[in-house]
Amino acid sequence: MTNSIPQQYLHFLYLIIGVIVAAALVALLVKLVQLLVQEVRRDRFFKEYGVAVPKSIRMRKAKHPHATGSFALGYPAWAAAKRDGTRDRRSNNTAVIHRLSVIFVGRWKMLGSDPFAAYAFVQQLRAAGIPVDYCAEERAKRDAVLGQLRARRTATSIDAIIQSFSGNPTDFEGFCADLLRQFGWQAQVTPPSRDGGFDLRLHGPTGTSYIAECKCYSRNHHIGRPMLQKLQGANMTEHAQGLLFITTSRFTSDALEYARQVGMQLIDGAQLVRLCQEAAQSQGDVQPPESAFALTRADLMQHIPADMRGQVW
């Protein structure tokens, strides 16, 4: 029996196996207890508010009760990122930082790593009549929507429009998008750092897809043929069915002829003022509904690195 394992070694091996099994059972038991606690808390929340908490959201007791709900959205980010948020490929660090969304309602604090699920849950709470304050993104959108509304109502002249955006000309893109929405268009502003050579993605009232370029220029800064050609070139990859160029200025004769040849639609400063007046007359003094400040999937996606969107979201 010289090849047999000594008895003391067998005892030691059994002890190690027993410790490993016991640790696994303890870990499993802890996990089951945590799941049970979460289910109990979800059940209590449902009895209090009548809204089911998604499984992706973890629940805790808040340190202090909140009379009005509040929340902050968290988004994933690369640990090694460039200025535009995309991964810095000069680094070998491929880690992703998962910033948590935090929601406070009454005596509850809720955490989730999926901002889309967190925001959908907040909208369910509001639909059930539970007050939840605006988050930072909603406040920014509300300010933008109301600012565009004020700009549209005061757009009595080309100079008034130019003056409205003299401090930040890029806001003119959102102004144009909002104006087109008043006439039944669907409009999305492209991210400033990755706009692909155009400012808006559009769908007309009949569903036709467009891309548009928006330029808030002084009266004397006319739009020439090269700028229209640039938009035409951007469509080589976008493949929109139509092209639209909007400006506070005017188009040169060469630009007008080129637009006629390629079928590009043009809106100059004078036409823009007329559209603003039509929109103002149709809307009157009516304020935008709360739904106008709600975040869309596209709004949320803007906060996620461009090179992460297709992989995770």
Side-chain angles (χ1 to χ4, degrees), residues 38 53-60 70-104 109-126 132-145 168 170-171 173-174 177-178 181 186-203 209-214 231 233-240 291-313:
Q38 289 297 307
V53 180
K55 299 286 187 182
S56 61
I57 293 178
R58 302 195 307 276
M59 302 190 65
R60 297 179 184 174
S70 63
F71 72 108
L73 295 174
Y75 306 92
W78 296 107
K82 296 188 294 186
R83 291 183 62 182
D84 65 356
T86 58
R87 185 167 73 84
D88 188 347
R89 299 189 178 276
R90 296 171 299 179
S91 171
N92 292 326
N93 188 350
T94 60
V96 176
I97 301 171
H98 293 279
R99 301 189 181 100
L100 296 178
S101 298
V102 184
I103 306 168
F104 290 98
K109 176 182 180 179
M110 291 161 279
L111 305 167
S113 59
D114 183 346
F116 298 93
Y119 190 67
F121 176 57
V122 168
Q123 293 294 71
Q124 289 176 354
L125 292 171
R126 288 169 170 167
V132 181
D133 283 340
Y134 290 134
C135 66
E137 294 87 341
E138 287 176 318
R139 287 193 294 271
K141 184 168 184 176
R142 180 178 184 274
D143 291 344
V145 169
N168 193 353
T170 57
D171 288 348
E173 301 162 9
D178 183 64
R181 292 188 191 107
Q186 297 177 28
Q188 177 189 351
V189 180
T190 58
S193 60
R194 303 170 68 89
D195 65 8
F198 58 95
D199 297 320
L200 306 178
R201 283 190 178 88
L202 305 166
H203 283 87
S209 62
Y210 288 81
I211 59 172
E213 184 74 355
C214 309
L231 180 60
N235 200 39
M236 296 296 290
T237 55
E238 191 68 16
H239 304 298
S291 59
F293 314 136
L295 302 177
T296 64
R297 181 176 179 82
D299 292 331
L300 295 174
M301 199 69 78
Q302 298 301 323
H303 299 275
I304 295 174
D307 56 350
M308 195 184 292
R309 296 169 192 168
Q311 302 173 23
V312 182
W313 312 101

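For this chain, numbers begin at 1 and follow the sequence in order.
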Intermediate values then yes/no, side-chain contact (heavy atoms from CB on, under 4.5 Å), Ile304 and Phe116: CA-CA 11 Å; Ile304 295 174; Phe116 298 93; 3.6 Å; yes
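- Of all heavy-atom pairs between Gly174 and Val189, the closest is CA-CG2, 3.9 Å.
- The two atoms that bring Pro115 and Leu300 nearest to each other are O-CD1, 4.4 Å, heavy atoms only.
- Judged by distance alone, the side chain of Lys141 and the main-chain N or O of Ala294 form a donor-acceptor pair under 3.5 Å.
- When all heavy atoms are compared, the tightest approach of Ala234 to Gly197 is CB-O, 3.9 Å.
- Distance CD/Gln188 to CE/Met301: 10.0 Å, rounded to 0.5 Å.
- Seen from the ring of Phe293, Arg142 counts as a face-on cation partner, given the 6.0 Å and 45° thresholds.
- Judged by distance alone, the side chain of Glu138 and the main-chain N or O of Cys135 form a donor-acceptor pair under 3.5 Å.
- Summarising the geometry, atom CE belonging to Met308 is positioned 13.5 Å from atom OH belonging to Tyr75; distances are rounded to the nearest 0.5 Å.
- Within the 4.5 Å cutoff, no side-chain heavy atoms of Phe71 are placed close to those of Val102.
- Of the residues listed (Asp114, Leu111, Leu73, Val122), the one engaging Ser101 in a side chain to side chain contact (heavy atoms under 4.5 Å, CB included) is Leu73, and it is the only one.
- With hydrogens and angles ignored, the 3.5 Å screen pairs a side-chain donor or acceptor of Arg126 with a backbone N or O of Asp133.
- Atom CZ of residue Arg83 and atom CG of residue Asp88 lie 12.5 Å apart, to the nearest 0.5 angstrom.
- Of the possible donor and acceptor atoms, one in the side chain of Asp307 sits under 3.5 Å from a partner among the backbone N and O of Arg87.
- If you take CG on Asn235 and OH on Tyr210, they are separated by 11.5 Å, rounding to the nearest 0.5 Å.
- One finds the CE atom of Met110 at 13.5 Å from the CG atom of Leu100 (value rounded to the nearest 0.5 Å).
- The main-chain N or O of Asp199 is found under 3.5 Å from a side-chain atom of Thr190 such that the two form a donor-acceptor pair.
- Here the closest non-hydrogen pair linking Gln38 and Arg58 is OE1-CA, 3.4 Å.
- Looking at every heavy atom in both residues, Phe198 comes nearest to Glu213 through CA-OE1, 3.1 Å.
- When all heavy atoms are compared, the tightest approach of Ala187 to Arg181 is O-NH2, 2.8 Å.
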